[in-house]
Enquirer: 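Have a look at the structure that comes next, please.
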Amino acid sequence: MRSYLFVPGDSDRKLEKAPSSGADCLLIDLEDSVSPRRKIEARAMAAAFLAGAERGEGQPKLIVRINALDSGHAEADLDAVVGAKPDGILLPKAEGPAAIQHLSALIAVREAENDIPEGQLRIHALAAETAAGVLNLNGYRSASARLEALSWGGEDLAADLGAARNRGDDGHYTDVFRLARSMTLLAAAAAQIMAIDTVFTDFRDMEGLERECLAAERDGFSGKLAIHPAQVEVINRVFTPSSEAVHRARRIVELFEGAGEDAGVMSLEGQMIDRPHLRQAERILKRAAAAGLNA
C-alpha cells in the first residue's frame with residue numbers, strides 16, 4: 001500500500017468522503033484527532049462506518065488507529081471496532097515488540113468473541129513516536145505474525161523529546177529525527193514488513209511533499225501517511241513504480257528464471273546483475289501488483 005489517509009473517527013462528513021480520496025488505506029482515527037470527551041461517540045461512528053463500508057477489490061483497506069496501550073482507552077476501542085471487522089489496527093506509541101505481542105493477544109480474544117478467524121486482523125505500528133520506541137526498534141521480526149508495517153511520527157517524537165522543532169531552517173529533519181526515520185526503515189526491513197514514512201504536515205506544500213516522497217521511495221519506504229486528501233495523488237504517483245522500472249524488473253526476474261537455481265552473476269544491458277538485483281526486482285513487481293499495474 002502506498003497512501004494511508006488519516007480520517008477523524010468522529011466526523012461523519014469526512015468518513016463519508018474518505019473512500020473517494022483514492023487512498024490505498026483509510027486510517028480511521030480514534031486517537032489524536034478525537035478529543036477525550038468524544039471518544040465514546042467516535043467509537044460508535046467508526047464501528048458504524050466499518051460495518052457499512054464497501055470492501056474488496058478497488059476499495060481502500062480500513063485500519064483503525066486505537067489509543068495507546070497505556071491510555072486507558074485501547075481496550076474499549078478494540079471492543080467497539082473489532083466486531084465490525086476492520087482490516088487491521090494501527091497501534092500508536094508502540095515501544096517495542098512486547099507492545100505488539102500484547103496487542104495481538106487483545107485482538108485474538110476479540111476475534112474469538114466475534115467469530116473472526118484468528119489472525120485475520122493485521123497490526124500496523126507507529127514504532128518511533130517516543131524516545132523509548134526508537135531505542136526499542138530491534139526485535140520486531142519475532143513480535144507477531146500479525147505485524148504488517150512499521151511507521152514513525154516526527155510530531156509525537158518532538159513532543160516526547162521536548163524539541164522546539166523537528167526540522168531545521170532548510171526544511172529537512174534534524175539529526176535525531178533522521179535517526180528515528182532510518183531506524184524505522186531498518187527495523188521494518190529486518191522484519192521483512194512494510195516501512196511507511198510519516199506525515200508531511202504542510203498539506204498546502206505539494207512540492208515539498210513530492211520531494212519528501214521521492215526521498216522516502218529512494219531509501220526503501222513503500223508508502224507514506226497523509227493528513228489531507230489532497231496529498232493522496234502525489235503519494236500514489238511517487239510510490240507507484242514507473243513502467244520502465246517494472247519492465248526492467250520483469251526482465252531481471254525472467255533472466256534468473258531462465259538461468260535456473262544455480263544462477264549467479266549475469267549481464268543485462270551491459271550491467272552485472274546478481275541476487276540483490278533479483279530481490280529488488282521482485283519487490284518492484286510486488287509493489288506494481290499492489291498498485292494495480294499489470295507487471
Side-chain angles (χ1 to χ4, degrees), residues 1-7 9 15 18-19 21 23-31 34 39 42-69 71 73-127 139-151 187-196 222-223 225 283 286-287 289-292:
M1 291 184 284
R2 303 160 296 178
S3 51
Y4 296 70
L5 176 63
F6 280 108
V7 187
L15 286 168
S21 66
D24 292 338
C25 177
L26 303 180
L27 297 173
I28 312 306
D29 191 21
L30 300 179
E31 194 210 14
V34 178
K39 296 292 188 187
R43 292 180 191 123
M45 293 171 67
F49 172 77
L50 290 167
E54 292 187 39
R55 307 292 183 96
E57 187 174 354
Q59 299 299 323
K61 296 289 186 182
L62 303 176
I63 293 178
V64 177
R65 177 165 72 168
I66 62 171
N67 288 272
L69 291 175
S71 67
H73 296 293
E75 294 204 37
D77 293 342
L78 293 171
D79 288 338
V81 302
V82 167
K85 300 181 180 179
D87 294 297
I89 299 296
L90 174 63
L91 178 65
K93 301 173 179 67
E95 295 193 339
I100 305 302
Q101 293 163 356
H102 184 188
L103 176 58
S104 181
L106 294 175
I107 293 173
V109 170
R110 288 156 179 82
E111 285 176 330
E113 292 172 345
N114 290 279
D115 295 321
I116 299 171
E118 184 176 356
Q120 180 171 305
L121 272 69
R122 313 299 288 173
I123 294 175
H124 292 222
L126 290 162
Y140 278 99
R141 175 182 294 186
S142 57
S144 171
R146 296 181 189 271
L147 187 59
E148 198 168 55
L150 293 179
S151 188
Q192 298 183 355
I193 58 178
M194 294 182 290
I196 309 302
S222 58
L225 305 176
R283 289 186 61 181
K286 184 177 180 180
R287 287 173 50 206

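The first residue of the sequence shown is numbered 1, and numbering continues consecutively from there.
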Enquirer: The criterion is side-chain contact (heavy atoms from CB on, under 4.5 Å); which residues satisfy it with Arg141, sequence neighbours excluded?
Expert: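 Residues passing side-chain contact (heavy atoms from CB on, under 4.5 Å) with Arg141: Ala190, Ala191.
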Enquirer: Would you say the side chain of Val64 lies within less than 4.5 Å of the side chain of Arg43, judging by non-hydrogen atoms?
Expert: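 The answer is no, as the side chains (C-beta and beyond) never meet within the 4.5 Å cut-off.
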Enquirer: So which atom in Ala188 and which in Ala195 form the shortest heavy-atom distance, rounded to 0.1 Å?
Expert: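 Reported closest heavy-atom pair: CB-CB, 3.6 Å.
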Enquirer: Please examine the side chains of Ser21 and Leu26, heavy atoms only from C-beta on, and report whether any two atoms are closer than 4.5 Å.
Expert: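 In contact.
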Enquirer: If I compare all heavy atoms of Cys25 with all of Met1, which pair ends up nearest, and what's the gap?
Expert: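 Nearest heavy atoms, Cys25 then Met1: CB-SD, 3.7 Å.
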Enquirer: Please name all residues satisfying side-chain contact (heavy atoms from CB on, under 4.5 Å) with Ser3, sequence neighbours left out, ordered by chain then number.
Expert: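 Partners of Ser3 under the side-chain contact (heavy atoms from CB on, under 4.5 Å) test: Ala23, Asp24, Val232, Ile235, Asn236.
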Enquirer: Considering all heavy atoms of both residues, which atom of Ser104 and which atom of Ser144 are nearest to each other, and what is their separation?
Expert: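 Heavy atoms of Ser104 and Ser144 come nearest at OG-OG, 3.5 Å.
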Enquirer: Name all residues meeting the side chain to side chain donor-acceptor pair (under 3.5 Å) criterion together with Lys39; count only those two or more places apart in sequence or in a different chain, and write none if there are none.
Expert: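 Residues passing side chain to side chain donor-acceptor pair (under 3.5 Å) with Lys39: Asn67.
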Enquirer: Please name all residues satisfying salt bridge (charged side-chain N to carboxylate O under 4.0 Å, His left out) with Glu118, sequence neighbours left out, ordered by chain then number.
Expert: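 Partners of Glu118 under the salt bridge (charged side-chain N to carboxylate O under 4.0 Å, His left out) test: none.
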Enquirer: Using 0.5 Å steps for rounding, measure from the CD1 atom of Ile193 to the CG atom of Leu150.
Expert: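 Atom-to-atom, Ile193:CD1 and Leu150:CG are 3.5 Å apart.
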Enquirer: Taking the side chain as C-beta and beyond, is there a heavy-atom pair between Phe6 and Leu90 under 4.5 Å?
Expert: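 The answer is yes; the side chains approach within 4.5 Å.
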Enquirer: Just jot down the side-chain contact (heavy atoms from CB on, under 4.5 Å) partners of Arg122, sequence neighbours excluded, or say none.
Expert: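 Per chain and number, Arg122 pairs via side-chain contact (heavy atoms from CB on, under 4.5 Å) with Glu148.
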Enquirer: Just to verify, what does Gln120 make a side-chain contact (heavy atoms from CB on, under 4.5 Å) with, not counting sequence neighbours?
Expert: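 Residues passing side-chain contact (heavy atoms from CB on, under 4.5 Å) with Gln120: Glu111, Ile116, Pro117.
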Enquirer: Between Ala47 and Ala80, which heavy-atom pair has the shortest distance, and what is it?
Expert: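 Smallest heavy-atom distance, with atoms named: CB-O, 3.4 Å.
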Enquirer: Identify the heavy atoms of Val81 and Ala46 that sit nearest to each other, and give their distance.
Expert: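 Of all heavy-atom pairs spanning Val81 and Ala46, the closest is CG1-CB, 4.4 Å.
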Enquirer: Testing Leu30, Leu126, Ile89 for side chain to side chain contact (heavy atoms under 4.5 Å, CB included) with Arg65, which one passes?
Expert: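 Output: one option passes, namely Leu126.
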Enquirer: Working to the nearest 0.5 Å, report the span between CG of Leu91 and CD1 of Ile63.
Expert: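 That separation rounds to 12.5 Å.
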Enquirer: Has the side chain of Ser151 got a donor or acceptor atom that lies under 3.5 Å from a matching backbone atom of Ile196?
Expert: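 Yes; at least one donor-acceptor contact below 3.5 Å.
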Enquirer: Is Leu121 close to Val82 at the side-chain level, that is, under 4.5 Å between some pair of heavy atoms?
Expert: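 Yes; the side chains approach each other to less than 4.5 Å.
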Enquirer: So, do Phe49 and Val7 sit near enough that their side-chain heavy atoms are less than 4.5 Å apart?
Expert: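 They are not in side-chain contact.
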Enquirer: Of all the heavy-atom pairs spanning Ala94 and Ile100, show the shortest one and how long it is.
Expert: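 For Ala94 and Ile100, the tightest heavy-atom pair comes out as CB-CD1, 4.5 Å.
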Enquirer: Would Lys85 and Leu50 count as a side chain to side chain contact (heavy atoms under 4.5 Å, CB included) if you check the C-alpha gap in whole Å, the side-chain angles of each, and the deciding distance to 0.1 Å?
Expert: CA-CA 7 Å; Lys85 300 181 180 179; Leu50 290 167; over 6 Å; no
Enquirer: To the closest 0.5 Å, what do you measure between CG (Leu103) and CD1 (Ile123)?
Expert: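 Those atoms lie 4.0 Å apart.
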Enquirer: Working to the nearest 0.5 angstrom, can you tell me the gap between Gln101 CD and Leu106 CG?
Expert: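 The distance works out to 12.0 Å.
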